[in-house]
Visitor: 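First the structure, which I've put down as structure tokens, then a few questions once you've had a look.
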Amino acid sequence: MAGTVVALFAHPDDEALLTGGTLAMLAAQGHRIVFVVATDGALGLASEELRSGDLAATRLAELEASARALGAAEVISLGHSDSGHGAELWGDPPGRRRFVTVPVDEVAAQVADIVRHEGAEVLISCDARGGYGHRDHIHVHQVGRRVRELTGVRLLEATAPREPLLRALRLVGRVRRFRNGFDPSEWEHAFTPRREITHRISIGRHLRDKQSAMRAHFSQTTGGESSGGRTLASVLRLPPVLSRLVLGREFFQEVGVDATPLRTAVFEVAR
Ligand SMILES: [Zn+2]
């Protein structure tokens with residue numbers, strides 16, 4: 001029996017790297033996938049040329065293309081403005097609010113309406129650390145928790161196992177210097193300890209769909225230099241064997257569920 005999954009993200013492109021394969025697999029199994037994106041992503045890194053145009057419109061169009069690649073049925077934009085990453089929080093643009101300043105209850109009420117309207121069984125959001133720690137990701141996490149309280153929907157938080165990530169970063173750090181003085185120890189509290197992960201999904205042939213979704217976010221592979229911001233560009237350049245290793249599995253922590261046994265599917269196969 002097919003179900004409905006609402007996937008809530010902070011920015012256009014958040015759907016691709018951590019959840020793209022799982023969403024494509026669920027869509028291929030006949031489940032209805034609805035994307036809800038909280039912000040316009042207009043503070044994402046991009047080349048000067050793209051920044052001088054309407055980057056918000058570009059990024060929404062890229063998200064629509066990614067949704068097609070993954071088989072999502074619909075994209076709903078909540079239309080808040082990107083709060084940006086880093087120490088400085090920019091003021092609100094005219095007539096709009098930075099997502100992080102919009103109260104959790106207000107956003108949660110909006111998302112809860114979508115979950116109820118869709119009759120969704122599963123909501124996907126973001127882990128407590130906001131992945132690598134973006135303030136908008138943390139806000140999405142808090143919204144997801146509130147929506148679960150309001151609706152009783154199953155909540156799966158997209159994440160990655162912290163320990164192997166840290167090991168890999170430290171290994172890379174030994175052979176080359178990170179740009180902008182990035183220190184792997186900044187990621188000591190990023191993502192989720194492996195023992196708390198409830199789902200490890202092998203995405204198999206949907207790796208191709210995920211890569212198509214990642215490529216759809218062309219603006220995020222241009223311009224800018226930062227510690228975490230060029231992830232899409234560098235991951236897309238990996239040789240095939242490494243690419244499957246890095247991108248071929250996706251991880252979730254389902255709220256209110258024991259981490260053992262580790263699950264390998266979002267929905268039970270026999271329903
Ligand atoms: Zn993001």
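Remember, it's 1-based here, ligands and their atoms both numbered in the order they're listed.
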Visitor: Apply side-chain hydrogen bond (donor to acceptor under 3.5 Å, both in side chains) to Thr159 and list each qualifying residue two or more places apart in sequence or on a separate chain.
Guide: Asp127, Thr192

Visitor: Measure the shortest side-chain to side-chain distance between Phe252 and Thr22 over non-hydrogen atoms and say whether it is less than 4.5 angstrom.
Guide: yes

Visitor: Would you mind listing every side-chain hydrogen bond (donor to acceptor under 3.5 Å, both in side chains) that reaches into residues 136-151, with sequence neighbours excluded?
Guide: His11-Asp136, His11-His137, Asp14-His137, Ser83-Asp136, Asp105-Arg146, His141-Glu157, Arg145-Glu157, Arg146-Glu149

Visitor: Excluding sequence neighbours, so at least two apart, what forms side-chain hydrogen bond (donor to acceptor under 3.5 Å, both in side chains) with Ser243?
Guide: Gln211

Visitor: For distances below 2.8 Å, what is the count of protein N, O or S atoms around the Zn ion (ligand 1)?
Guide: 4

Visitor: Would you compute the distance between atom CD of Glu118 and atom CG of Asp113 and round it to the nearest 0.5 angstrom?
Guide: 11.5 Å

Visitor: Is any side-chain heavy atom of Leu8 less than 4.5 Å from a side-chain heavy atom of Val147?
Guide: no

